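What you see is a predicted model; the values in this text were computed from it and never measured. Every heavy atom of this structure was used, including side-chain atoms; hydrogens, water molecules and symmetry mates were not. Position 1 is the first residue of the sequence, and the numbers go up from there.
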Amino acid sequence: MQKRLASAWVGLALILAMQGRAMPVLPAMEPSSPPPSSGRFDAANLDRAVKPGVDFYQFAVGGWRAHHTIPAELPEWGSFTALDESNREKLHGLLEAAARDRSAPAGSNTRKLGDFYASAMDETAINQAGLTPLQADLAAIDAIQSVGDVEKMVARLHRYEIPVYFGFGSDQDAKNSAMMLAEINQDGLGLPDRDYYLKTDAHTQTVQTAYLKHMARMFALTGDAPDVAAAHANTVYTYEKQLAQASRTKVALRDPVTNYNKKNLAGLTALAPSFPWPAYFQDVGCPSDGPINVGQPEYLRALDKIWSTAPLADTRLYLKWHLIHSTAPCLSSAFVDEDFDFSGKVLKGVTANMARWKRVVRTIDANMGEALGQAYVAKYFPPSAKAHAVRMLHHIKAALRADLQTLAWLSRPTRQKAVEKIDAFQEKIGYPDKWRDYSGLSIEKVPYVQNVLQARQFNFAFDIHKINKPVDRTEWDMSPPTVNAYYNPAMNEIVFPAGILQPPFFDPNRDDAYNYGGIGAVMGHEMTHGFDDQGSLYDRKGNLQNWWTKEDRARFEHRTLLIRKQYSGYEAQPGVFENGPLESGECIADLGGCTLAFRAYEKSLEGKPYTRYANGFTPEQRFFLGFAQIWECNERPEYERLLVATDPHPLARFRVNGTVSNMPAFATAWHLKPGDPMVLPPDKRTEIW
């Protein structure tokens, strides 16, 4: 389901060919004699044929891009994916060791991880089992004869974390952030977004056709004759298209105010009277006497019409499709291959599937992330690295606090509230202080898909158990090995897993100019999310409550509009432009994060000796190179289209060039002047935080 979780940091990369006057030649640099701490910089990553003032992204990473191809199994290759692959190798070693360790006590995390991994790697047993592990579920779907039967199957699939029709789970009450409540949101599509069903351009129609063929082949694998399978695919597609037509756009879903519609059971029933809600709550294990937030009421009204008018035969096909669609990666080779042909080849342009062990590591991390993460941090994240990261975080936090106290466009009352919000930030670095208890999870020597579904049921029950209870502010929403970070407005927390606190983002032995440009910009980015167009709607306690004066809010909206216009002008593929309204929160956070990290870096140099020139660049230039180089990336065209359609982050080349072109400090560092392509004119330049 869609939680009000944090906007995560990760976005993905492309090339920008910007046009404009050439930048003047830079003054000669002193010869570089870098100390060992700066030795990780590789000048071969640069493209010196492009001037920094014309296309900074290409200058900073063009050499890297020219010498790195995308592995056949991946849609893109860059800093994030390289670090993710490195972490996956480490997790692989931990799982292999757990699988070999038969001395681990039964019921221990080590034994469960080892058994989970062993069941997933036994491809012979998986192929022999075929669809047998799902036969009881498939038989129950085929036996549906009433609305009551539909409800029971919806509840069953939701416990498997398969969000047919709608997403259901716990979330913080947006206006009472100390408490958890039940929440319902639109969901239930097989394609990545509603627009894939509704747009009529040639590319989208190609995806629609491929999806229909994919569904037909999947139905054929379950035993349907080819003509029957094709007919079933058409039925499901028509069914899903109705859901898509009732769904809000991704831009509309960014508005937390319109997504807050608190109901009781009677209010929910009035929205969708055809569905037996009391029975559903009982079957998913949720109390029905508390508040329920309905994210998109108009979606439930439309869904009620679908429930009340769709033939049961169509409903059975829809439910069957989503069971197969969700579990296909864990089934026999025929299902795995067919799933990859669409989700990998068609949607992402990938030409080869990942090795089995890589897919397995990802699945176990998704289902037992803190058990696996506890072993990861014990071996790969020493206390000294955490301490260094905490110091940097506090420097950047101090820069934001100082910035807000002097920000000219913000009035004193709003500024004071903003400072109070910063002071209330909850910081989570590396890993949780309290580890998740997996003692209630049963992992057995059974076919892989059964262990996956058991883990999903365990995690669903864990989530549902929070409803109507006080918020546990010690919980994390990402596993420690994750290469990402996030800000959660309802918790007013900034979270940096150990997985991203690694080179090239962070290296405690490296020149701090690169660290501040790398992980420092990540930290500043997440802090700024507390003051982007979404996060700024929440107060210091995480409540959805206005703390702005009317005039300050109007000035903020004007600056946000400039950001939206800027990014909407970037063309990702011929005729495919970035979606500024969807991406504005991430763009604001990129600009604010880089600005804050730069100020914090300058402050960190006061009174300390530092290398004026290293690798041929000044400290200020090294900072911006560090920022650009965390976004070094090559991507497949199909994947770029998918990201532009679904991801609230701009593509990497726009994250870099769009950010630095708004920063006077960047122009100063690289000796640029008005009119250079990397210097936005004053009437288009944005400074928010």
Angle class for the [X]/[Y] ring planes (parallel below 30°, perpendicular above 60°, tilted otherwise)?
{"X": "Y380", "Y": "Y376", "answer": "tilted"}
{"X": "W547", "Y": "F531", "answer": "perpendicular"}
{"X": "F425", "Y": "Y487", "answer": "perpendicular"}

Given the side-chain rings of F598 and F627, with only the six-membered ring counted for Trp, is the space between their centroids under 6.0 Å?
-> no
Determine whether the aromatic ring centres of F59 and W670 lie less than 6.0 Å apart.
-> yes
Can you name the residues that form a side-chain hydrogen bond (donor to acceptor under 3.5 Å, both in side chains) with T595, not counting sequence neighbours?
-> none
[X] (side chain) donor-acceptor with [Y] (main chain) under 3.5 angstrom:
{"X": "D532", "Y": "S584", "value": "no"}
{"X": "T414", "Y": "T549", "value": "yes"}
{"X": "Q534", "Y": "R254", "value": "yes"}
{"X": "N634", "Y": "R65", "value": "yes"}

What pairs meet the salt bridge (charged side-chain N to carboxylate O under 4.0 Å, His left out) rule with one or both residues in residues 679-689, with sequence neighbours excluded?
-> R599-E687
Would a 4.5 Å heavy-atom cut-off, applied to side chains only, mark V660 and F624 as touching?
-> yes
Please tell me if the side chains of K250 and R194 come closer than 4.5 Å, counting only heavy atoms from C-beta onward.
-> no
Name the atoms and distances for all side-chain donor-acceptor pairs under 3.5 Å in residues 345-352, with sequence neighbours left out.
residue : atom : partner : partner atom : Å
K345    : NZ   : D341    : OD1          : 3.2
T351    : OG1  : A72     : O            : 3.4

Minimum heavy-atom separation for C587 to P650, with atom names?
-> SG-CG, 3.4 Å
Is it true that atom NZ of K386 has more than 12 heavy atoms of other residues, nucleotides or ligands lying nearer than 6.0 Å?
-> yes
Check the pair D201 / H203 against side chain to side chain donor-acceptor pair (under 3.5 Å), numbers first and verdict last.
-> CA-CA 6 Å; D201 61 275; H203 173 75; 5.8 Å; no
